[in-house]
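A short write-up of the structure that comes next.
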Amino acid sequence: MRRASRPAFSCSRPGSLLMATYSPSEIEARWQAAWDEAGIFRATRSADKPKYYVLEMFPYPSGRIHMGHVRNYTMGDVIARYKMSTGHNVLHPMGWDAFGMPAENAAMAIGGHPKTWTYGNIADMRGQMKPLGLSIDWSREFATCDPEYYGQQQALFLDMLEAGLVYRKNAQVNWDPVDMTVLANEQVIDGKGWRSGADVERRELTQWFFKISDMAGELKEALDGLENWPAKVRLMQENWIGESRGIDIPFVRTDGNGTILCYSTRPDTMRGASFVAVSPDHPVAKALEAENPDLAAFIDECRRMDTTEAAMEKAEKKGMDTGLRVKHPVYPDQELPVWIGNFVLMDYGTGAVFGCPAHDQRDLDFARKYDLDVRNAFYMPGDEVEVENDALVPAKTEKVVFIDHFAGVREVTSQEAIDATIDWFEARDLGKGQKKYRLRDWGLSRQRYWGCPIPVVHCDDCGVVPEKKENLPVVLPDDVSFDIPGNPLDRHPTWRDVPCPSCGKPAKRETDTMDTFVDSSWYFARFTAPRAETPTDLGDAAYWMNVDQYIGGIEHAILHLLYSRFFARAMRITGHLPASAIEPFDALFTQGMVTHEIYQTRDTKGRPVYHLPEDVTDGKLADGSEVEIIPSAKMSKSKKNVVDPLGIIASYGADTARWFVLSDSPPERDVEWTASGAEAAYKHLTRVHTISDRIAEMDKDAPGTGDDDLLRAMHKTIHDVTMGVESFGFNAAIAKLYGFTATLQKSKAGFAAQRAAVMTLAQLMAPMTPHLSEDIWAQQGGVGLVTTAPWPKADEAMLVSDTVTLPIQINGKRRGEITVPADMDKAEVEKLSLATDAVQKALDGGSPKKVIVVPGRIVNVVV
RNA sequence: GCGGGCGUGAUGGAAUGGUAGACAUAUCAGACUUAAAAUCUGAAGGGGUUCGCCCCGUGUGGGUUCGAGUCCCACCGCCCGCACCA
């Protein structure tokens, strides 16, 4: 990255607070030291001011900050600093999401210990973040791998265990064969592990689960109250929770062995039911497996086919007739065959469905394959044809014509028919309306070392015994090796073998650790009292919670945010959070990424070769070869399009980096990093600095012209920038600041007005460029620190001018303008407008059909 | 398949239903300079022009409205989420 040249002149004045050149490295270090000394970012409870908790999603300590961090934390910092200057008691903490596989992978690849690697990275990243000048209360910093943190997490786990929010079960789990651990459903993406990308296998293991599914309904309902969350995120969570309303209907077996309970969201199609299909894991299937070798072979085939999620999605629909028959619940003289279907999921609904081929494509394909009946339950109005190879599945809001419907409906929408059918079944006690959810319980066991140990002991006599709280934290052992695949805790006898907390006999610790998403599901609450001897301090939590503004990437829209919402509820139940905090994040903002072009050449075999941005000048490499430019994409090491914040800060300063990542693009969208954009940001800051120097040297008494214009522009800018910051319109606020800077630069106003203008400019810029703003504030003799100075207030009287220029439209097209006193009444404006040349020309002697006058806005003449 | 979002100059993007293209980049011209850089001043959607202005223009086609980038309908394109969910 080329360094922008500095202005050549340099006039140092004796006694001046500033050098004439803008020197960010000097300014930034100085003001950061001043903030530290004043301790202004240290948060303490106070009854005098309203509290404001602003939080950015804490980083994983990979070892290096990237531009995405800079953008994320700068946005939070703008909010935090703005709130501080508007009289709020601000909490703005930072920590480290420090457990996880990369530390183990590093230990395997380069040797050493995950702990050394992680804490080393944290130290490095803290050192890289501090120069950004963020208004963070570093006294609250913690890492999730600190025993003080994960010990409290273990205490929380034990409380949740006692409250029945955690349980152990034998379950089919998603097994990642590369990371050699299980994954939550949420961590399986397109059948592949979210981290390793490996095809996920099915395995049966005994695992710990959080009972999140019990709260599915509430987690869904409460989304409506999250008005300050992006609609998109609420919708994604709603889809993920996946509520459906249907009915459980028992089908009576003809062999007298009870019923098979089927779940359906379309009981209105009951007339077309032609078979029942159960999951290969259904108790009915399992019972038959023992006595019927053919079925056993088929079930076995289903299980083997189930090895990968990816294969499952593409797998052919297969089934086998069990020979069992059930009675149709509405038409008891009809009997339906019971099949085992490989497509029926045991863990959704009841693990059994009735098939209605006419109105479900999958059922139809299945019926055609195995020659089962296809009967319509309804037709489209005026189109009474039987289904052939395309199932008739109209929207539930469309009207259809039912055939001999047992509940008596005829031409109604499917939804109306569903409601009527459920009523009909319930009235006869033949079935029960149900809401079901797609959301499953959250499996938290991981067969890894570098995570929070699950604090239980397995005893032959007592079973699963919770560790005693006074024995917490259960600390990870340091003497482990990673030369053999699998979990080192499993083969660590001195750590693993402990006496049973209950009976004292030799027992074994649980060697699984917790999913790292557990760590990040309550850290926001811990920040309110990071050194407390319990997971939280209720007084502190009640004061600081909720997070008023949470900021992070859209990639956490489901996992992290849903788990956190669950944890807040669990922490309320276990007494660690007040009821008011069950929705922990009042407002959520999802910011876009920082992207960059990719520079590519090709090797002799035509394969792409990528080049670092700093190696490319004017589209060429140092050796003069042309570089192909591929449009902007997420910065990634493999594409070599990463711009390192450290280099930018070294060349231009933190203020420039902060200013740039906020300008140009709306914060929720991606912003493209460009070298020219960064230079523009730097130039702007230099310009502001130069203006302040110039004003500092002005003759204090010389009269100027246009004071009023400058002050009006100033108040307009205060108004616009305040609106921009309040509404996350940082890019728009920055545009206004550019405009005002240009106005100030050209102004011929007197000293007092110019000084007021530049000090206001410094204040308005302070959330984005705090260091430069402090320097200007000091140079102009501002009281105290700009960071703690009260936010400027726009004078309403200065926002309205005496005269306004109104555009005149003729038939909606702009044809002229008119300047009138701002308070002129409508009739007078109309009269003057009609007298203009443009209107006279258009009227051509006639009279207008209509004249619309919008005061202060526009005049439209219809001819 | 289901659900959601987005289409504006060369580029990133502005526009509570009221002057489309703010601001920035890239570009061009001028000032300063021996020169370049930096800095400053200015131009710039497309087309036409008798230099007064005029016509066209926010993916495409319709609609509502005095007035639509903005609201409604349909289509096209791109992006994102979910998906054997009964």
Side-chain angles (χ1 to χ4, degrees), chain A residues 4-9 189-190 230-240 242-244 246 262-267 269 277 279 312-317 341-345 347-356 360-363 365-366 393 395 436-440 554 557-558 595 631-632 660 663-666 669-672 674-681 683-684 686-687 690 720 723 729 731-739 741-742 745-746 805-817 837-838 848-854 856-863:
Chain A
S5 301
R6 302 278 165 71
F9 74 93
I189 295 149
D190 295 334
K232 182 188 171 73
V233 174
R234 296 199 317 242
L235 197 69
M236 281 165 71
Q237 293 221 350
E238 189 175 330
N239 290 341
W240 189 264
E243 183 178 277
S244 71
C262 294
Y263 176 66
S264 173
T265 56
R266 293 303 303 266
T269 65
S279 164
M312 245 173 70
E313 281 178 22
K314 288 176 213 115
E316 197 186 346
K317 313 292 173 267
N342 67 347
F343 55 88
V344 185
L345 307 173
D347 48 5
Y348 185 79
T350 58
V353 298
F354 73 79
C356 177
D360 182 288
Q361 192 60 45
R362 190 194 55 208
D363 290 349
D365 295 344
F366 191 79
V393 193
K436 301 247 161 155
Y437 299 91
R438 210 186 68 104
L439 185 69
R440 321 281 168 76
I554 186 79
I558 296 171
T595 62
S632 233
F660 178 79
S663 58
D664 286 359
S665 289
R669 264 194 248 176
D670 292 349
V671 64
E672 184 183 351
T674 59
S676 56
E679 291 216 19
K683 278 183 199 172
H684 172 73
T686 306
R687 197 175 300 135
T690 308
D720 292 348
M723 298 286 283
N731 57 325
I734 282 176
K736 300 291 182 191
L737 288 165
Y738 272 119
T741 303
Q745 184 161 28
K746 287 173 197 148
T805 300
L806 301 177
I808 296 176
Q809 294 184 334
I810 291 162
N811 295 335
K813 294 201 183 291
R814 187 181 181 280
R815 285 294 179 269
E817 60 182 38
D837 290 350
K849 281 190 188 139
K850 194 171 179 180
V851 181
I852 290 104
V853 178
V854 184
R857 280 278 179 202
I858 204 162
V859 179
N860 192 10
V861 181
V862 186
V863 297

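Computed from a predicted model, the values in this text were never measured in an experiment. In what follows, chains carry the letters A, B, and so on, assigned in the order in which the sequence lines appear, proteins first and then strands, with residues in each chain numbered from 1.
- Base orientation of rG9(B): syn, the glycosidic angle falling within 90° of 0.
- Looking at heavy-atom distances under 4.0 Å, Val344(A) makes contact with a base.
- Rounded to whole Å, the C1' atom of rG13(B) lies 28 Å from the corresponding atom of rG3(B).
- Annotation for Tyr263(A) and Thr350(A): closest pair N-OG1, 3.4 Å, computed over non-hydrogen atoms.
- You'll find that the side chain of Gln745(A) is closest to rC40(B), out of rU41(B), rG81(B), rC40(B).
- Distances from the side chain of Arg815(A) to the nucleotides rC66(B), rC55(B), rG81(B) place rC55(B) closest.
- In terms of heavy-atom proximity, Ile810(A) sits nearest to Ala838(A) at CD1-O, 3.6 Å.
- Nucleotide rG69(B) is shown with an anti base, its glycosidic torsion being more than 90° from 0.
- Put simply, Ser244(A) has a side-chain N or O that comes within less than 4.0 Å of OP1 or OP2 on rA86(B).
- Comparing rC85(B), rA86(B), rC82(B) by their nearest atom to the side chain of Thr265(A) picks out rA86(B).
- Nearest to the side-chain atoms of Leu345(A) among the listed nucleotides rC85(B), rA14(B), rG18(B) stands rC85(B).
- Residues satisfying the side-chain hydrogen bond (donor to acceptor under 3.5 Å, both in side chains) test with Arg814(A), not counting sequence neighbours, are Glu817(A).
- Taking the C1' atoms as reference points, rC6(B) lies 26 Å from rC56(B), given to the whole Å.
- Using a 4.0 Å heavy-atom distance criterion, Leu235(A) is classed as a sugar-phosphate-only contact.
- Following rounding to the nearest Å, Ile554(A) (CD1) and rC80(B) (P) show an atom-to-atom distance of 12 Å.
- Contact detail for Gln237(A) and Ala557(A): the closest heavy-atom pair is NE2-O, 2.9 Å.
- A straight line from CZ of Phe366(A) to P of rA86(B) spans 18 Å, rounded to a whole angstrom.
- Between the P atom of rC84(B) and the OH atom of Tyr263(A) lies a distance of 16 Å, rounded to the nearest Å.
- Taking the side chain as every heavy atom from C-beta outward, Lys317(A) and Asp365(A) never approach each other to under 4.5 Å.
- Nearer to the 5' terminus of RNA chain B, by closest-nucleotide assignment, is the contact made by Asn811(A) (compared with the other of Asn811(A) and Gly351(A)).
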Seminar exercise, completed: Quick tally for nucleotides 19-26 of chain B: nucleotides whose base has a protein heavy atom under 4.0 Å get B, sugar-phosphate-only ones S, the rest -, giving B--BSSSS
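- Residues forming a ring pair (Phe, Tyr, Trp, His ring centres under 6.0 Å) with Tyr348(A) (at least two apart in sequence, or on another chain): none.
- At whole-Å resolution of the value, CZ in Arg440(A) and P in rC82(B) are 14 Å apart.
- Side chains of Tyr738(A) and Ser663(A): a donor-acceptor N/O pair is absent below 3.5 angstrom, by distance only.
- Annotation: side-chain hydrogen bond (donor to acceptor under 3.5 Å, both in side chains) contacts of Asp347(A) (sequence neighbours excluded): Arg440(A).
- The side chain of Ile558(A) lies closest to rG81(B) when the candidates are rC85(B), rA86(B), rG81(B).
- Distance check: Lys849(A) NZ to Asn811(A) CG gives 7.5 Å after rounding to the nearest 0.5 Å.
- Nearest heavy atoms, Thr674(A) versus Gly677(A): OG1-N, 3.0 Å.
- Contact annotation: Tyr348(A) reaches the phosphate of rA86(B) (side-chain N/O to OP1 or OP2, under 4.0 Å).
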For this session: Show your working on side-chain contact (heavy atoms from CB on, under 4.5 Å) between Ile554(A) and Lys232(A) and close with a plain yes or no.
Result: CA-CA 9 Å; Ile554(A) 186 79; Lys232(A) 182 188 171 73; 3.9 Å; yes
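- Every stem involving RNA chain B, taken as at least 3 paired positions in a row under the Watson-Crick or G-U wobble test at 3.5 Å, is listed here: B:1-7 with B:76-82, B:10-12 with B:23-25, B:27-31 with B:39-43, B:45-48 with B:53-56, B:59-63 with B:71-75.
- Checked by distance alone, Lys317(A) brings a side-chain donor or acceptor within 3.5 Å of a matching partner on the base of rC84(B).
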Can you give me the N/O atom pairs linking the protein to nucleotides 5-11 of chain B at distances under 3.5 Å, or say none if there are none?
none

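- Taking the C1' atoms as reference points, rC55(B) lies 31 Å from rU16(B), given to the whole Å.
- Shortest non-hydrogen contact noted between Ile858(A) and Leu806(A) is N-CD2, 4.0 Å.
- Of the residues near RNA chain B, Val859(A) and Ser665(A), the one whose nearest nucleotide (by heavy atom distance) lies more toward the 5' end is Ser665(A).
- Nearest heavy atom pair, residue Asp363(A) against residue Asp360(A), reads N-OD1, 3.0 Å.
- If you take CD of Gln361(A) and P of rC2(B), they are 13 Å apart, rounded to a whole angstrom.
- Residue contacts shown for Val862(A) are limited to sugar-phosphate atoms, with no base heavy atom under 4.0 Å away.
- The base of rC66(B) lies close enough to the side chain of Asn860(A) for a donor and an acceptor atom to sit less than 3.5 Å apart.
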